[in-house]
Amino acid sequence: MRANLESLRENGVDPYPRRFERSHHSREVVNDFDRLEGSEVTVAGRLMAVRGHGKAGFADLVDVKGKMQLYVRRDEVGDEQFAVWELLNVGDIVGARGEVFRTRSDEVSLKVKKLVLLAKALLPLPEKWHGLKDKELRYRRRYLDLISNEETRAVFRTRSRIVRIMREFLTERDFLEAETPILQPIYGGAFARAFETHHRSLDLTLYLRIADELYLKRLIVGGFERVFEIGKDFRNEGMDRTHSPEFTQLELYQAYADYNVMMETTESLFERLACELHGGTRFTWQGQEIDVKAPWKRVKVMDAVAEVVGEDALRSREALVVAARAAGLDPDDLQGDELPSFGKLVEKILDELVEPKLTEPTFLIDYPLEISPLAKQTPDDPDIVERFEIFIAGIELGNSFTELNDPDEQVRRLSAQVEKRAGGDEEAHGMDEDFIMALRHGMPPTGGLGIGVDRVVMLMTDSPGIRDVILFPTMRPEQSE
RNA sequence: GGGCCGUUAGCUCAGUCGGUAGAGCACCUGCCUUUUAAGCAGGGAGUCGCUGGUUCGAGCCCAGCACGGCCUACCA
């Protein structure tokens, strides 16, 4: 391939010229054949197959919208350009002008009159029939995955559509799109360890955000009433099929609403996504039938837990420990202090025994206050907050609450978190004084919702893992030669 | 963190019992002016992930390491 490059240069061909004007994409030529037959068009793209035929030849030219065949004849392009043609390889980028026709075997093709090399490839493409299968290579060299696997291209086109639909959905409802800091002096809004970095000229430790929550709420205080942000959050935790250290989240906040409104919003959003992407509310993910038609099931957390470990187990922490052990869990290895708290136990039971079974779209509602420091209590039980998580196919897709807007209560909750952090819980919240000050100025009653965009893309594209829907997933660097 | 599996040509993969490394695609040469996984004939291409060990001899057996995949654990 490099030898061909040298030969081309010797023949006076620039292997890397500048712009090229095309008149049509390949698919337009194929679709509009009846109208275009016999006329001249100009196309451009990558050669994905070359079939030499002596003094003629065929090539498959692929552009962003599809594929069409080129037919190059020496008596049509002349000796000089035919010499260029003979030095082309699969993978090269070319432009071609010619007459639209149909071959004997009925394939819409271009009888090339003028052929231009636009970029010479020096490395071979993956195998044309099997494509690129090795998962490691597909993640590390995504460009090759995209060139050789149409399914990969489809996933990322759909991802783009999903984000666009979310944006349209919220914009139609008068939400304002905001951009809040990724570098934060105090991180909060979720339980997670953060990535730490340093600002030189301020000589300041900053953290990559783990959530947008506390800044978006400041905007609610500021009077914007409906705000959202779609952006990357970063969590310094393990990686698996549903967790990536950097991931995309949609967060939205709506003044004068509560978590019931957020449930309706969630249902509408998923219905809209499914209808636009699948033509209806039903689709399948990894063999599971899913129907996102509203209304979804609403299950109280404590009811769900009681169903698994029995009602009596909920009377005390001790009883719950016993019941959890009986159910096959190992509460002793719960992180934090020596004795697992009631809330942590409930969370463990949810994770292990409840959530994986939530195949049909379900809202798990009304969580223990202890594990929800930013949510408002229910009117009838001060230990329970108005909060829900979204589950589809056993995957957690989002989290929402009626936001706590009582500044004094918020201080108490965050103080408890600070104590836990002092006790070694690295994922507990810090005290964000500026956020508290904002609340003291008065935040209207507000509903908030966070949705894991990558997981939504997984679900909607029938992808098995989060890395399959992130273009360049985090990987350990390859060892250098 | 634990378990299982993988790593051989640019790609997809074989490699038997431990005996000097194989195929297809791609690439190069020749023939071929309607092919389409074009065809026919020929050719070049390898640090068998890395390091060490066992052995007369290691792609193959053993140990360690690296990277990855799947499962599991952890994780709002």
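Because the structure is a prediction, the values reported are computed rather than measured. In what follows, chains are A, B, ... by sequence order, proteins preceding strands, each numbered from 1. All values below were derived from every heavy atom in this structure, side-chain atoms included, with hydrogens, water molecules and symmetry-related copies excluded.
On a pure distance criterion of 3.5 Å, a polar donor-acceptor pair joins the side chain of A/Asp75 and the base of B/U33. In the interface, the side chain of A/Gln69 is paired with the base of B/U35 through a donor and an acceptor atom under 3.5 Å apart. Residue-to-nucleotide contacts include a donor-acceptor pair under 3.5 Å from the side chain of A/Arg51 to the base of B/U35. Taking 3.5 Å as the limit, the base of B/C11 and the side chain of A/His130 contain no donor-acceptor pair of atoms between them.
Proximity note for A/Asp240 (side chain, C-beta onward) versus B/C28, B/C74, B/C32: the nearest is B/C74. The nucleotide whose nearest atom lies closest to any side-chain atom of A/Lys133 is, among B/C13, B/U33, B/A76, B/C13. Taking every side-chain heavy atom of A/Phe101 into account, B/U34 is the closest of B/G69, B/U34, B/U33. Of the candidate nucleotides B/U12, B/U33, B/C28, B/C28 has the atom lying nearest to any side-chain atom of A/Asn89. With distances taken from any side-chain atom of A/Glu127 to the nucleotides B/C71, B/G24, B/U34, the minimum falls on B/G24. Nearest nucleotide to the side chain of A/Thr103, out of B/G69, B/G10, B/U35: B/U35. For A/Lys135, whose side chain is taken as the heavy atoms from C-beta onward, the closest listed nucleotide among B/U35, B/C11, B/C70 is B/C70.
Within 4.0 Å of A/Glu237, counting heavy atoms only, lie sugar-phosphate atoms of the nucleic acid but no base atom. At the heavy-atom level, A/Arg476 lies under 4.0 Å from the strands shown only through sugar-phosphate atoms.
Listed pair A/Lys128 / B/C11 fails the phosphate criterion, with no side-chain N or O lying under 4.0 Å from OP1 or OP2. Of the side-chain N and O atoms in A/Arg104, one or more sit less than 4.0 angstrom from OP1 or OP2 of B/U35. Phosphate contact (OP1/OP2 of B/C75, side-chain N/O of A/Lys348, threshold under 4.0 Å): absent.
In this structure, A/Glu419 places its CD atom where only 12 or fewer heavy-atom neighbours from other residues, nucleotides or ligands lie under 6.0 Å away.
Looking at A/Tyr367 and A/Val346, their side chains never come closer than 4.5 Å, going by heavy atoms from C-beta outward. No side-chain heavy atom of A/Lys133 sits less than 4.5 Å from a side-chain heavy atom of A/Arg138. Between A/Arg455 and A/Glu396, the closest side-chain pair of non-hydrogen atoms falls below 4.5 Å.
Using the six-membered ring where Trp is involved, A/His429 and A/Phe191 have ring planes that are perpendicular, over 60° apart on the 30 and 60° scheme.
We find that the ring of A/Trp129 and the base of B/A37 stack, their centres lying under 5.5 angstrom apart and their planes tilted less than 30°.
When each of A/Phe58 and A/Tyr139 is assigned the nucleotide of RNA chain B bearing its nearest heavy atom, the one mapping closer to the 5' terminus is A/Phe58.
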